[in-house]
Structure formats: C-alpha cells, structure tokens
Amino acid sequence: MSTKRIALMMIAAALSAMPLFATFDIAQRESRDRKETKSGRESELYDEGTQALDDSDFARAAKLFRKVAEMHLEHADAALYWMARAQNELGQRAEALSSLIELQKAFPKSHWADDSKALEVEIRQSSGQRVEPDNTNDDDLKLVILNGLMGSDPEKAVPVLERILTGNSSPRVKERALFVLSQSNSPRAMEILGRVARDSSHKSLQEQALRFIGISGGEQSRKLLADVYTSTSDVNVKSSILKSYMLAGDRARLLTLAKSEPNEELRGEAVRNLGILGARNELADLYRTETSIEIRKHIIQAMFIGGSVDKLADIARNEKSPELRATAIRNLGLLGNARTGDLLTSIYDTDASADVRHAVINSLFLQQNGKALIALARKEKNPELRKDIISKLALIRSDEVSAYLMEVLKE
C-alpha cells in the first residue's frame, strides 16, 4: 500500500472520530458548568444565612444553613456549626446538639470541629448538664468546661486549673487558665494567682499573673501586688507590678512609690503611670517636693501625657532651672498649635534665656506654626536666634512661609 494511501486513510479516521471527541468535550463543559452553578448557589445561600444570623433572624438562618449543609459542598461543615448556633438561640438545644454531633462525625478534621466541641459544652452547661473537665484530654475544651464551672461550682474548677498550671500544658493554655482563675472571687483562686505571681522561674507566666491581678481590681488584689513588690528585688517584676497598679487605677500606691522607690528608673516609671491615669493633682504635688532633676523631667513628661497644660505653662514660666523650663516648653509644643501657640509666643517674649527661646522655636516648629515663627523672626535682633527661626521656616511648606522667605532673600 502506498504511503499516500495510508495518509489518506489516517485523515479519514481522524475526521470520523472528531464528533465523538467533540461530544465528550461538550459533556465535560456541561458537567463543569453544573458544578460551578451549584457551588455559586451554595455560596449565595451561605452568605444569606450569615446575613440572617447578623440580623438575629435565627429561624431563617437555621433553614438556610440546613440547605447549605445538605448540598455537601465547600461550606457544609461551617453551615452545620452556624445552624447549631442559630438553633441554640431559638432555644432548640436538642436540635443544636444534634447538628454539632453531625458536624463532628462527618467532618472530624474540620477546623470547625474544636469550635463545635466548645459550643457543645456551652449548650450542655446552659441546659443544666454537668460536664466534667477530667473527662477530656483536650486542654482547650477543658478550659471551656472550667470557665462554665467557675460560675456554678468554683470549688470544683479551681483544683483542676491548679493542676493545669503545675502540669505540662502549653504556655498558651496556662495563660488561659490564669485568666479563668482571675475571674473568680474565691480565696483559693487568689492564693494560686499570688503563688504564680511570686514564682520568678516562669517569667512570662508570672507577668501574666501580675497583669490579671491588676485587671481584676479590688483591695485584695492590690494588697497582693504590694506584698509581691516588697518581697522581690527583680526590677522587671516591680516594673510589671507598676503597670498592674496603673491597670487597677491605684494612684495612691503609684504616688507612694514615685516618692519613695530607691531605684530612679522605677520611680520614673511610677510617675509615667500616674500620667497615664491623668493624676494631675498628684503630679503637681510630687513636682513641688521632688529634688531630682531627672525625676522632675519624668513628671513634666507625665503632665504632658495627662494633658496638664496649666501646670506645664506654670513650670515653663516660673521654674528657676532653664533646663526644666525648656523641657516643659518642648512638651507644650507637642500639645498642638491651637492649645499652646499663643502661650509659647508669650514665653518667648518674656524669657531672656537663649536655651528657653531655642526650645520655643523648636516647639513652634513641631506644631508647624509658621505664622508664629514669622512673627518672631520679624522682631528678633539676635542673629543666632533669627537664623534658627529661619532654618526651621525653610522646612515648613505654606504660601505664607514661602512669601516671607522670599522677603529674607531680598534683604
């Protein structure tokens, strides 16, 4: 058979097969389109269910999420979880538990599985069922159970939390256990928190315990912090306790330490925390009795944090130390043009100290107060001060400043 004849036969065979291939390709496309349409519909239903949940339309949300779950597509596991949420809101606890069990069995590796277990515990506890923490090896789930128990049976929850803290659980789980303990008014819970707060062998956990004690507030918590403060020589621990006093709003103890703490760094930190609390009167009294220049600088900074414009202005005008007057002026500058621009200009006019005047120039620059700087430059006779003003003006972008700088070039 000739080569030409063979080639013609192959072409004929290919042509006869083309409808078959075309039919197969069309079928594939149709199947893909059907899947995409179904997936798109599933996403629409899921979004509608989420919106219904946000609108507190729990009955509609439950129906929509049921439809999504029955499609067995991408959002099936999430839909079962949110359906259980909606059912629980409707008071349908049995149905909600059924949805959660379905989720756990059908999708054991889903990232919604842990959330479903936590919700299951929450629903069972709200139904009056006792869920024992020792019956699970899942630390996260155990903490959910304990959190519920803490409200109903703290005497039973506290020993389990103590075992978590002394056991091999992860630092994250131990921190959560501390948080659960801090929510209790139980003397035993406070005793355990105090023990962790004194234990410097686990620094991160110790710091968390101190913070939680501060947040919990109350005289018992503050006394515990005071006991730990006096019993330790660790500066970092004392620093954490100062932050805890701030969280607890304990101005009295912060003021006492700002006056009496031998370590100047810690005294400065106590002062800053008073500023965060807005303790203006305490800071004013402290400034009058303090002799250390550095601590006085800290007090001025704290006054800025607390927004004490009047006291800063008083220091800027009347303080005998030019260094401290300059510090007060810098902090006044940071308070903004509208509040302190005229005050700074007035200080410049009445204070002959070059250091103070340079500080005013810098503060007005920080405010981008070109108008005030131009006014000072026009009347300033000291070449050094005028040069400082003009160098600052050169960094400010405004038509008024540009026009003035052109004047200076023509002089």
Using a cut-off of 6.0 Å, state whether more than 12 heavy atoms not belonging to E265 lie near its atom CD. no

Does a donor on one side chain sit under 3.5 Å from an acceptor on the other, for Y46 and E74? no

Side-chain donor-acceptor contact under 3.5 Å, T340 with Q367: yes

Can a salt bridge be assigned to the pair E319 and R325 using a cut-off of 4.0 Å between side-chain N and carboxylate O? no

Are R253 and E219 close enough for a salt bridge, meaning some N to O gap below 4.0 Å? yes

Around atom CD of E207, are there more than 12 heavy atoms from other residues, nucleotides or ligands closer than 6.0 Å? no

Main-chain N/O of A302 paired to R272 side chain as donor or acceptor, under 3.5 Å: no

Is the shortest distance from a Lys or Arg side-chain nitrogen in K67 or E42 to a carboxylate oxygen in the other one below 4.0 Å? no

So, does S402 use its side chain to make a donor-acceptor pair with the main chain of S398 at under 3.5 Å? yes

With a 6.0 Å cut-off on ring centres, are Y81 and F65 close enough? no

Check for me whether R222 meets the cation-pi criterion with Y245, that is, NZ or CZ under 6.0 Å from the six-membered ring centre and within 45 degrees of the ring axis. no

Any non-hydrogen side-chain atom of W82 less than 4.5 Å from a side-chain atom of T50? no

Does atom CG of N318 have more than 12 heavy-atom neighbours, drawn from other residues, nucleotides or ligands, at distances under 6.0 Å? yes

Decide, yes or no, whether a salt bridge links D199 with R195 under the criterion of side-chain N to carboxylate O below 4.0 Å. no

Under 3.5 Å side-chain donor-acceptor pair for S200 and Q206: no

Would you tell me whether Q51 and D55 have side-chain atoms, one donor and one acceptor, within less than 3.5 Å of each other? yes

Closest contact, heavy atoms only, L364 versus L376: CD1-CD1, 3.6 Å

